[in-house]
A.B. asks: 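I have a structure here, written as structure tokens, and I will follow up with some questions on it.
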Amino acid sequence: MYDFKEIEKKWQDRWEKDERLRAVDFHPTKPKYYVLYEFFNISGNLHMGHLKGTVPADALARFKRFQGYNVLFPIGGDSFGLPAENAAIKKGINPVKFVSDGMNNAMAQSKKIGLSFDWSRTFCTSDPDYYKWTQWIFLQLLKNGKAYKQKGYVNFCPKCQTVLSNEDSQGGKCDRCGSDVVQVNRDVWFLKMKEYSEKLLGNVDRIDMAENLKEAQRNWIGKSEGVQLKLDIVDANGNKLDEIEIYTTCIETVYGITFVVLAPEHDLVERQQNNISNMDEVRKYIEKTALKSEFDRISKVKDKSGCKLEGLYAINPVNGAKVPVYLADFVLGGYGTGAVMAVPTHDQRDYEFAKLFNIPMIQVIEGDVSKCAVEKAEYLEKNSKLINSGEFSGMNVLDAKSKMADMVVAKGYGKKQINYKMQDWSFNRQRYWGEPFPVIFCEHCGVVPMDEKDLPLTLPATDDYLPNAHGDSPLSKIDSFVNVKCPKCGRPAKRETDTMPNWAGSSWYWLRYCDPHNDHALADYDKLKYWGSVDCYTGGTEHITRHVLYAFFWQNFLYEIGAVPTRDPFIRKMGSGLILDDEGKKMSKSSKNGISPLEVIDKYGADVARMHVHFLAGYEDNCQWTFKGIEGIVNFLDKVWKLQDMIKGDEVSAEHEVELNALIKKVSEDYENLKLNTAISACMIFIKKIKEDGWISREELRRFLIVLNPLAPHITSEMYERVFGLDILDQSWPEFDENKITKDELPFPVQINGKLRGTVLVSKNATQDDVVNAIKADDKFNIDFDNIRKIIYVPGKIINIIC
RNA sequence: GCCGAAAUGGCGGAAUGGCAGACGCACAAGACUCAAAAUCUUGCGAGGGCAACUUCGUGUGGGUUCAAGUCCCACUUUCGGCACCA
């Protein structure tokens, strides 16, 4: 048995300083390969999820180095945000110290897993050298009109006292503390992410990623194609007062409009307040609904509520019908135009609303609408006929849909319109521990960006990390920070006191690894060009609709302003599955019965821990943690260790040639695809054969150690040194011979009438005649070859004889 | 409700349309041992047969094919995403 504690320590110490694990900019001969594992979140100890997430990336990096690639495999810390700030508030720990301790801890623990990161490129998002460039990117966004400040209703977490983006409040809960999110009216910095919707969909199409993850992103972006219609607003006598626009994806039902519904925050109400006779009632309704949290608004699906705007009517442009106008909170202000046409016969929400307010209905598509609406999915599938729709009556829906859209456009009633659910990114937080905005407010000059040469705007030290009574950021309490001279006019002015969300720093970090110490640019353009897009990005799937979309957004923007040479940040994205605890819940630092990877490493060693976790399930699959079965890995590595005493002969032997070639082929493919579970099983199969024969040649052992090294780097490095006196890092990946992955003679499967009836031993290059002759010679088959109908022969696979 | 992914022994899980259950765990029998542990050998989907062998078998029901876990249609369940998005 080998002493894993001593051996693993020895190699980990060496790797930490080893120049061969560093990426080389502009390597003269080697092609580049960029493997990225997502930032460590500086919050405490590494958990099992890290073991599952990092090891395949490490294996891929080690594999690619053997293959002769110049591998960039960096790591850093996502260190702004709540963990450090909470530690500061609760325990009085300085966030800077918290981050540096946390990062040291993460590095020490990564080392214990045997990860071959390039430590020379490590940084944290809260390093001023780094956030200088996060601030610089914000200034570019601002200067290019992609950042704007606006008062508006935004997601707000009452507990964290801060504004949240839609991405941070998925499901109506604060992403950090789980509190119900409410809507408040605040001054908010927005980034024009919505404008990038179509480009983001392009990134989604091009990236190599699992379909379910792509769908999650497409759902989040939420593209829909429809028609935007202009409706006149008139008084009871038909005199035109105003206009509104509605958005619909169901123009085919336009003859069925019997009312129009606006979101409570729609601006028509303020504009027409003098023409609305029940304004008191309307104001009460707005007050009641607008302050509800978005979660409440969408969760109480059954409770329709609304308020009629007495005195206002809308005119249906296609038939001149005059219909009432309502406010209702089922219409969302932030989507489309914040106003919809209501066709109760063909939309269930409108149907319920019409019942509640006793609004008449007009059926315009065939079907039974006596109990509920006949909705889009149903009538499109049946391609039903239109009725009560003027000249379109009798036409089927699919034809009518496009013809009516064309008609509406031709007559100038409206236009075709594409909408996206994704909203602009609300980009400020009322917190201390984030990047300060490099922006100054001047009474005379308005919003003034800081001069780029004055960056970074460093976060001032404080010991008061709590927001003030108005929910403003702690920075607002630091006068020396707040009060400055306007860079334009020199008069007294004030800095922005909010900080950026912690997603800011993670939205471009892969670029910085290409040139982490650059003081003149976010990274040197030629280095960015050299390293290009990340070849394989691994990490959790929980970031798919947040971080990864932000990453697409920023990279697109930086590409468009010429700061980076590529539009796609990542070529391939692999989503790591979760490790679940006994109860089937996600195992993380916070779970009660979570097992630390260090516990497993301490007991069994890093190589065993690495292999066991990845023998449990595929990389993208969830798996329940168990020690059950770990003996299989322990046993396997024990057999590997004993190979040292079984060496016989030097070259690859005829006896093991086929097994060795098959092993190398299989494992090469598996590392490339991060299929570590089957790579492990291939290694086990090889060892089984060696055990059977009782010996292995030196060259066979040499190649085997290289093949196993990405999975179990410690034991294989040690054995390589002991047996060959060399460092395995200097070796190259063994080639395999495609002609030597199967034996010369194989049992060839024989089917009769599609059922397997046995095998015959034939040469691997056997022709159909060879196989037929072998079958004739074997009396177990007993086939009357004079009366067969057909023979299907698939070379190398199977023969099927149909009688 | 819409969209996506998936369903294989006692368990974790393998299978470019071509021998289902690789590999590992658990289990059983045997070897070694005074004994146990460790290790090694063998067996291990279900039914029938002394046996050679044979029938059935990859969530359910249909289909395509010489051949289906794999492709197509419908359904069930599980997981994930979106969700009063007009």
Side-chain angles (χ1 to χ4, degrees), chain A residues 1 170-171 210-224 226-227 246-250 253 261 263 297-304 328-332 334-343 346-350 352-353 375-377 419-423 541-542 544-545 575 578 584 611-612 615-618 620-624 626-633 635-636 638-639 666 669 675 677-685 687-688 691 746-759 780 789-802:
Chain A
M1 193 56 205
Q170 294 180 14
E211 193 54 33
N212 56 338
L213 301 181
K214 288 191 174 207
E215 273 308 303
Q217 294 187 327
R218 292 192 186 110
N219 283 340
W220 186 257
I221 296 167
K223 180 176 182 172
S224 90
V227 173
I246 61 95
Y247 173 71
T248 181
T249 57
C250 304
T253 63
V261 191
R297 280 175 67 167
I298 62 180
S299 66
K300 286 170 189 154
V301 172
K302 298 260 155 24
D303 302 343
K304 284 277 176 307
D329 62 0
F330 78 81
V331 177
L332 305 171
Y335 180 76
T337 58
V340 301
M341 64 182 215
V343 182
H346 303 293
D347 183 300
Q348 190 57 26
R349 293 159 305 181
D350 299 349
E352 285 162 20
F353 196 85
E375 292 203 280
K376 182 161 56 171
N419 273 327
Y420 303 90
K421 276 192 260 184
M422 191 175 63
Q423 301 295 311
T541 52
E542 70 274 23
I544 279 299
T545 55
L578 301 173
M611 291 181 75
H612 179 57
F615 198 48
L616 283 175
E620 302 200 279
D621 302 322
N622 293 343
C623 68
Q624 208 153 38
T626 174
F627 280 102
K628 209 175 121 184
I630 199 167
E631 294 301 331
I633 301 292
N635 241 319
F636 167 73
D638 199 41
K639 286 176 194 164
K666 174 69 178 152
E669 290 164 1
K675 290 176 75 174
N677 52 343
T678 48
I680 293 168
S681 111
C683 292
M684 287 172 163
I685 291 168
I687 289 305
K688 209 174 185 175
K691 278 283 287 180
L746 301 165
F748 197 86
V750 178
Q751 285 188 342
I752 298 169
N753 293 327
K755 290 203 179 221
L756 187 75
R757 283 291 179 250
T759 59
K780 83 173 164 233
R789 297 222 305 266
K790 196 175 173 186
I791 291 179
I792 289 124
Y793 174 71
V794 186
K797 293 282 185 196
I798 207 160
I799 187 164
N800 190 2
I801 297 161
I802 314 300

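Letters go in sequence order (proteins before strands), and every chain restarts at 1.
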A.B. asks: Can you check the Ile685(A) CD1 to rG21(B) C1' distance for me, whole Å?
C.D. replies: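 Ile685(A) atom CD1 is separated from rG21(B) atom C1' by 13 Å.
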A.B. asks: On RNA chain B, nearest-nucleotide positions of Glu631(A) versus Gly796(A): which is more 5'?
C.D. replies: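 With Glu631(A) and Gly796(A) compared, the 5'-side residue is Gly796(A).
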A.B. asks: Just to be sure I understand the rule, does Asn212(A) reach a base, reach only the sugar-phosphate, or reach nothing, if contact means heavy atoms closer than 4.0 Å?
C.D. replies: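 Sugar-phosphate, backbone atoms only, no base.
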A.B. asks: Using a heavy-atom cut-off of under 4.0 Å over every strand shown, decide if Ile792(A) touches base, sugar-phosphate, or nothing.
C.D. replies: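 Touches a base.
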A.B. asks: Nearest to the side chain of Val794(A), which nucleotide is it out of rC85(B), rG12(B), rG18(B)?
C.D. replies: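 Given the options rC85(B), rG12(B), rG18(B), the side chain of Val794(A) is closest to rG18(B).
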A.B. asks: Nearest whole Å is fine: how far is rG1(B) P from His346(A) NE2?
C.D. replies: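 Distance check: His346(A) NE2 to rG1(B) P gives 21 Å.
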A.B. asks: For rA52(B), does either OP1 or OP2 sit under 4.0 Å from a side-chain N or O belonging to Arg757(A)?
C.D. replies: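 No, because none of the side-chain N or O atoms of Arg757(A) sits under 4.0 Å from OP1 or OP2 of rA52(B).
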A.B. asks: How far apart are the closest heavy atoms of Ile680(A) and Phe615(A), and which atoms are they?
C.D. replies: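 Result for this residue pair: CG2-CD1, 3.7 Å.
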A.B. asks: Under 4.0 Å between any heavy atoms, over every strand shown, what does Lys688(A) touch: base, sugar-phosphate, or nothing? Just pick one.
C.D. replies: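 If one applies the 4.0 Å heavy-atom cut-off, Lys688(A) turns out to touch the sugar-phosphate alone, with no base involved.
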A.B. asks: Given rA15(B), rC19(B), rC85(B), which nucleotide is nearest the side-chain atoms of Pro749(A)?
C.D. replies: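 Looking only at heavy atoms from C-beta outward on Pro749(A), the closest nucleotide is rC19(B).
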A.B. asks: So, the side chain of His612(A) versus the backbone of Glu631(A): is there a donor-acceptor pair under 3.5 Å, distance only?
C.D. replies: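 Here the side-chain-to-backbone pair does not exist.
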A.B. asks: Separation of Gln423(A) atom CD from rA83(B) atom P, in whole Å?
C.D. replies: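 Going from Gln423(A) (CD) to rA83(B) (P), I get 11 Å.
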A.B. asks: What is the nucleic acid contact for Asn635(A), judged by heavy atoms within less than 4.0 Å: base, sugar-phosphate only, or nothing?
C.D. replies: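 Sugar-phosphate, backbone atoms only, no base.
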A.B. asks: Rounded to the nearest angstrom, tell me the gap between atom CG in Asn800(A) and atom P in rG18(B).
C.D. replies: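 One finds 14 Å between P of rG18(B) and CG of Asn800(A), rounded.
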A.B. asks: Is the distance from OP1 or OP2 of rC56(B) to the nearest side-chain N or O of Lys755(A) less than 4.0 Å?
C.D. replies: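 The answer is yes; a side-chain N or O of Lys755(A) sits under 4.0 Å from OP1 or OP2.
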A.B. asks: With respect to the phosphate group of rC84(B), does any side-chain polar atom (N or O) of Lys421(A) fall under 4.0 Å of OP1 or OP2?
C.D. replies: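 So the side-chain polar atoms of Lys421(A) never come under 4.0 Å of the phosphate oxygens OP1 or OP2 of rC84(B).
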A.B. asks: Please classify the nucleic acid contact of Lys639(A) as base, sugar-phosphate, or nothing, using heavy-atom distances under 4.0 Å.
C.D. replies: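 Counting heavy atoms under 4.0 Å across all strands, the contact made by Lys639(A) is with sugar-phosphate only.
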A.B. asks: In whole Å, I'd like the distance from the CD1 atom of Ile798(A) to the C1' atom of rA15(B).
C.D. replies: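 Going from Ile798(A) (CD1) to rA15(B) (C1'), I get 14 Å.
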A.B. asks: Just call it for Glu211(A): base, sugar-phosphate, or nothing, with non-hydrogen atoms closer than 4.0 Å on any strand.
C.D. replies: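 The answer is sugar-phosphate, as Glu211(A) gets under 4.0 Å only of primed atoms, P, OP1 or OP2.
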A.B. asks: Can you tell me which nucleotide in rC19(B), rC84(B), rA86(B) comes closest to the side chain of Asp329(A)?
C.D. replies: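 From the listed options, rC84(B) comes nearest.
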A.B. asks: Choose from rC40(B), rG10(B), rA86(B) the nucleotide whose nearest atom is closest to any side-chain atom of Lys691(A).
C.D. replies: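 Ranking rC40(B), rG10(B), rA86(B) by closest atom to the Lys691(A) side chain puts rC40(B) first.
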A.B. asks: Where does rG9(B) land, syn or anti, once you apply the within-90°-of-0 test for syn?
C.D. replies: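 For rG9(B), whose glycosidic angle is within 90° of 0, the conformation is syn.
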A.B. asks: Taking only N and O in the side chain of Thr545(A), is any of them less than 4.0 Å away from OP1 or OP2 of rG81(B)?
C.D. replies: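 No, no such contact exists.
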A.B. asks: In whole angstrom, what separates Lys376(A)'s NZ from rC2(B)'s P?
C.D. replies: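 To the nearest whole Å, that distance equals 12 Å.
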A.B. asks: Rounded to whole Å, how long is the line connecting atom CG of Asn677(A) with atom P of rA22(B)?
C.D. replies: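 Answer to the nearest Å: 15 Å.
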A.B. asks: In whole Å, I'd like the distance from the NZ atom of Lys797(A) to the P atom of rA68(B).
C.D. replies: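 Value for this atom pair: 16 Å.
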A.B. asks: Any base atoms under 4.0 Å from Asn419(A), or only sugar-phosphate, or nothing? Heavy atoms, all strands.
C.D. replies: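 Nothing, no heavy atom under 4.0 Å.
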A.B. asks: If you compare every side-chain N and O of Tyr247(A) against the phosphate oxygens of rC85(B) (OP1, OP2), does one of them come in below 4.0 Å?
C.D. replies: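 It does not, given that no N or O in the side chain of Tyr247(A) lies less than 4.0 Å from OP1 or OP2 of rC85(B).
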A.B. asks: Base, sugar-phosphate or nothing for Lys666(A)? Non-hydrogen atoms, less than 4.0 Å.
C.D. replies: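 Touches nothing.
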